[in-house]
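Take a look at the structure below.
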Amino acid sequence: MSGGAAKSYDAVVVGAGHNGLICAAYLAKAGRKVLVLERRHQVGGATTTEEIYPGFQYTCCSYVVSLLRPWIIRDLDLPRYGYEILPLDSTFTPFPDGRYLMRDADPERNRRAIAAFSPRDAEVYKRFGQEMAELGRLVKPVIDDVAPDPMSRNPKELLKLARLAKGIRGQGDKWLVGNAKMMTMSAVDFLSEWFESENLIAPMSVSGIIGTFLGVRSPGTAYVLLHHYMGEIDGSYRAWGLPKGGTGAIANAIAASARDLGVEIRLEAPVDHLLLEKGVAKGVVLEGGEEIRAKAVISGVDPHRTFLKLVGEKNLDPEIAQQVKRFKMRGSSGKVNLALDGLPDFTCLPGYGPHLRGDITIAPSIDYLERAYDDAKYGAFSKRPFMDIVIPSLTDPTVAPPGKHTMSIFVQYAPYNLKEGAADWPNQREAFGDAVIDTLSEYAPNLKNHILHRQVLTPWDLEQIYGLTEGNIFHGELSLEQLAFLRPMAGWSRYKTPIDKLWMCASGTHPGGGIMGAPGALCARTMLEKRAV
Amino acid sequence: MAPSMPFDVIVIGAGPNGLAAATRLAKAGKKVLVLERAAQAGGLSARREFHPGYSVPGILHDDSLTTKKAAAALDLEKHDLRFRSVPATYVAEQGGPGILLSADAATTATEIAKRSSHDGNNYSLYRSFLSRIQPVFEKILENDPPPLTPNGWREVLGLARRGLVALKLKRKEMIELARVAPMCVADFLNEKFETPFLVEALAAPAVASTWSGPWSAGSNTNLLLRECSGGESLAGGPAALVAALVAAARANGAELRLNSAVSGIRLSGSAVSGVTLASGETIDAPIVLSSADPKQTMLRLVAPGSLPITIEEEFRRFRARGSAAKVHLALSGPLELPATGGARHEAIRIGGGHVDDLERAFDAIKYRQFSTRPNLDVRIPSVADATLAPQGHHVVSILSSYAPYTLEGGWTEEARRALGDSVIAELERHAPNVREQIVAAEVLTPLDLEQEFALTGGQIHHGEIALDQLLVLRPSASAARYKTSVPGLYLGGAGNHPGGGVRPTAGLLAAEAVLIR
């Protein structure tokens with residue numbers, strides 16, 4: 001399809017990340033004419049698989065699927081377009097003392113594995129999972145709907161809140177207290193209420209910090225633990241899996257579905273700025289100068305980019321501009337992707353085994369994780385970082401040549417703002433990569449002999465390549481004051497923006513980041529309800 | 001009640017909370033006995049002679065938390081309690097003149113504006129935001145926490161009335177409050193101020209004696225709570241509050257027994273029947289109100305095993321890790337800070353100069369070390385009250401952040417000395433002659449505070465201040481409204497809402513809970 005300059009669209013979406021595509025697909029499904037503009041040569045944004053080294057498909061950025069909403073998968077018929085999730089069944093944590101902890105879907109195996117560290121924790125582990133799933137019942141309605149607005153004095157909203165309050169009241173005090181604690185505690189404090197062994201608490205606590213500029217002891221990190229128990233709510237054992245063909249395959253499936261619904265997608269079409277007439281969004285202007293008009297513009301990029309670049313500060317009310325600037329981005333993580341000609345051999349569990357097929361977590365102790373965070377607080381990458389590793393080629397052999405492997409290493413912390421300034425990242429990139437490989441080699445000494453190619457992505461690179469401001473993978477810190485009705489700004493949490501006819505549909509809006517798809521779908525739903533398109 | 005019992009209520013502990021509870025109950029006609037383990041009343045608010053002839057008017061030295069409303073409820077002004085305006089705090093600056101923060105917003109804004117007009121402006125805005133939200137916080141701080149799930153029309157009405165005060169805020173202010181409360185104090189203050197040592201000084205009170213640093217989420221709530229509490233200081237300091245409370249309690253007929261440590265709370269069946277003293281003596285009463293810390297009351301004084309496991313669990317989970325040390329210095333002359341040009345300030349704040357220095361000081365306790373460069377909250381009570389030291393001499397009271405309860409290698413005599421040295425070294429950066437002036441010094445680590453004052457973990461607030469340990473969750477869901485799950489047992493100390501510090505509110509609210517029972 002080729003877009004003629006004279007064509008007019010109901011909506012134009014800036015950015016073909018998964019949320020932009022999902023939003024476009026829903027609008028097209030409702031009969032709207034939608035154009036998606038993508039700066040890069042491929043769709044997906046950070047949901048991407050790329051052949052960085054010949055023969056090896058890297059899942060460059062996001063590497064596991066966590067919470068892609070099941071109703072979106074159904075609505076867009078994604079399995080028909082190649083969406084397939086391969087289970088990522090276990091979490092393996094090696095310890096420096098030669099021991100290891102392996103957790104998987106089998107309760108009896110877990111009990112035995114944990115009992116090696118603490119018989120008491122082994123008994124509690126299952127009950128913990130059940131209670132978490134129970135608590136998680138709150139999360140589901142919240143992430144599947146627009147953010148409630150507790151500040152509202154509008155009777156309709158108040159009624160909605162009253163209904164929510166009544167529902168909450170019905171759950172009883174215990175549930176209420178549990179949720180209040182989850183929202184405010186640190187992951188370590190919360191887990192310490194249940195468990196005594198650090199060998200269990202440390203690897204469990206890291207799910208609270210992924211992608212945030214917080215430590216496992218920072219208040220507000222406990223609630224992310226709930227996400228790990230969301231799978232049960234969605235009706236399957238576990239929410240975590242590896243997409244066949246890499247995460248890019250998800251973006252491709254959504255794009256294919258969107259195209260079948262009539263969405264037009266233009267690649268290598270970078271948007272320079274918003275076309276504003278008397279403060280109303282009328283379309284966009286591409287970097288080449290081409291104007292594209294539409295009844296509504298939907299931004300799939302982060303709030304900083306949306307307001308400070310697309311709209312431009314001079315076109316913003318100063319108070320709004322200040323609020324946008326206050327919205328914290330602060331990328332804190334990087335990625336190291338490897339092409340390997342052999343598998344890592346862990347000293348604590350030598351040879352090939354199921355432990356390599358799951359998630360490998362380098363989180364040996366609470367102090368270790370906390371020290372990694374301390375480095376970042378003062379503007380340096382962690383000398384000995386937290387790592388979350390998968391070897392996708394073991395589950396999905398199509399991503400590497402026969403007998404060879406890809407390894408995806410998510411690394412935290414790598415603060416965007418280095419002491420020496422963010423622009424110093426190119427000078428520190430390889431040292432950062434070395435710190436990652438050296439640390440991992442302490443557990444798997446043979447690793448260095450098998451590396452064919454190494455890609456290091458720092459937060460600065462994520463900004464340069466993927467347009468993520470400050471390299472924040474969630475389009476904005478997931479801290480309490482930036483969630484729900486405050487995401488990205490109070491009063492503007494429902495996808496509408498202070499610029500008339502400009503909407504937002506990506507992770508910088510409620511319910512936030514990860515390959516979840518909810519912001520894109522909820523934006524489309526809201527726009528249709530409000531007859532904005 | 002049972003007519004055979006000599007007392008209606010036994011109050012454990014004669015700190016401000018215990019004494020306030022006793023006064024309120026005695027005033028309502030109850031026969032009250034207060035049992036205090038120490039030889040004097042006051043707990044952490046008692047005058048302490050740490051070296052012959054040299055005293056501080058309390059281990060706790062911030063005396064601006066007691067509200068006039070609480071004082072009036074207890075007739076304290078009748079018993080000679082006098083308020084005075086809060087003395088200015090001098091913020092020391094390495095190589096600079098520092099900033100004087102006074103209670104008057106306009107004066108302080110002008111002072112700050114000399115350094116940065118941007119900061120001066122924002123300070124005015126900051127203080128006017130605080131004065132807008134203060135009525136809301138005041139309501140919260142002076143009332144018992146609301147029931148989790150209201151039962152009956154009275155509770156629903158009470159809840160609605162609390163909610164009404166929030167309506168005084170404009171929507172914009174309400175949103176701003178919702179946005180800033182869960183933030184970390186460093187982010188909040190960095191949004192407003194560009195002078196690094198000012199940010200550090202304003203942030204420090206929000207994290208002192210907590211297990212959090214300025215970059216910890218939620219620490220801003222504590223800043224707001226602190227800034228919206230009380231308002232005036234006490235003439236004579238914390239000890240004056242204790243004296244007034246003792247007089248009020250006695251005047252109302254409450255009996256106070258010193259040197260009487262309670263070793264256990266006795267139950268008959270599941271209900272309270274009295275207490276046992278360390279001496280073996282037993283005293284009966286149908287109601288026991290404990291102002292000791294919640295962990296101690298529920299896990300030690302109540303015999304282990306007598307509570308349901310789920311309740312016991314609640315109190316075991318209540319975090320009470322001490323994180324600050326107290327250092328007292330006896331000086332042969334006034335504390336001289338050359339940068340102040342000879343002014344005698346009563347309160348001085350000393351930090352590293354940047355909010356990150358405060359965070360680094362916090363980092364230490366995560367790894368069971370004390371801060372090598374601690375943040376100091378310094379008071380010189382002898383400036384206002386010359387009777388605390390011999391003629392011409394002075395006493396200095398320092399709350400030093402941070403020091404862990406559990407120190408790697410243990411709190412040996414050597415470790416204690418090293419801690420004291422690090423505090424003096426920090427003081428010396430601004431008062432270069434202080435070392436020669438020292439007549440005597442006392443260092444109290446969290447472990448010392450635990451042993452001397454029966455404070456679990458040496459936590460001077462009886463429990464850490466954190467978002468999940470406030471209001472309806474302080475100290476636990478089952479005891480937040482002072483009445484515990486044990487019939488006849490009430491908690492009324494700093495471990496309950498509105499928390500610790502030199503103020504009698506928790507005790508007063510606990511007494512109200514006893515009376516409406």
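The structure presented is a predicted model; accordingly, all values stated were derived computationally and were not measured. Below, read A as the first sequence line, B as the second, and so on, with proteins coming before strands; counting in each chain starts at 1. Computation of the quantities below employed the complete heavy-atom set of this structure, encompassing side-chain atoms and omitting hydrogens, waters and symmetry-equivalent molecules.
- Neither the backbone nor the side chain of A:Gln323 comes within less than 4.5 Å of any heavy atom of chain B.
- In this structure, A:Gly491 and B:Arg171 approach most closely via the heavy-atom pair CA-NH2, 4.1 Å.
- Counting heavy-atom pairs under 4.5 Å between each of A:Asp367, A:Val177, A:Thr221 and chain B puts A:Asp367 at the top.
- For the residue pair A:Tyr373 and B:Trp215, the shortest heavy atom distance occurs at OH-O, 4.2 Å.
- The parts of B:Glu359 that come within reach of chain A are both its backbone and its side chain, each placing non-hydrogen atoms under 4.5 angstrom from that chain.
- Side-chain contact between B:Arg317 and A:Trp194 is present, with at least one heavy-atom pair separated by less than 4.5 Å.
- Across every non-hydrogen atom of A:Pro219 and B:Ser216, the tightest pair is CD-CB, 4.0 Å.
- Residue B:Leu473 holds its CG atom at 7.0 Å from OG1 of A:Thr184, rounded to the nearest 0.5 Å.
- Looking at residues two or more places apart in sequence or on another chain, you find a side chain to side chain donor-acceptor pair (under 3.5 Å) between A:Lys325 and A:Glu313.
- Residue-environment remark: NZ (A:Lys181) exceeds the threshold of 12 foreign heavy atoms within 6.0 Å.
- Among A:Lys377, A:Lys328, A:Met182, the residue making the largest number of heavy-atom pairs under 4.5 Å with chain B is A:Lys377.
- Of the atoms belonging to B:Leu169, it is backbone heavy atoms, and not side-chain ones, that fall under 4.5 Å from chain A.
- To the nearest 0.5 Å, atoms CZ (B:Arg179) and CZ (A:Phe485) are separated by 11.5 Å.
- In terms of heavy-atom pairs under 4.5 Å with chain B, the best-connected choice from A:Met185, A:Gln322, A:Arg371, A:Glu370 is A:Arg371.
- Scanning all heavy atoms of the two residues, the minimum distance from A:Leu486 to B:Ala178 falls at CD1-O, 3.8 Å.
- Taking non-hydrogen atoms and a 4.5 Å limit, the residue list of residues 360-368 of chain B in contact with chain A, ordered by number, reads B:Arg360, B:Asp363, B:Lys366, B:Tyr367, B:Arg368.
- Within 6.0 Å of CD in A:Glu319 there are 12 or fewer heavy atoms belonging to other residues, nucleotides or ligands.
- With values rounded to the nearest 0.5 angstrom, B:Asn220 atom CG is found 12.5 Å from A:Leu480 atom CG.
- With a 6.0 Å radius and a threshold of 12 heavy atoms from other residues, nucleotides or ligands, A:Lys383 has its NZ atom above the threshold.
- Here the CD atom belonging to B:Glu464 is positioned 7.0 Å from the CG atom belonging to A:Asp189, to the nearest 0.5 angstrom.
- Contacts of A:Arg330 with chain B are made by side-chain atoms alone, with heavy-atom separations under 4.5 Å and no backbone atom involved.
- With a 4.5 Å cut-off on non-hydrogen atoms, A:Phe213 does not touch chain B at all.
- Once rounded to the nearest 0.5 Å, the distance linking CE of B:Met183 with CD of A:Gln482 reads 8.0 Å.
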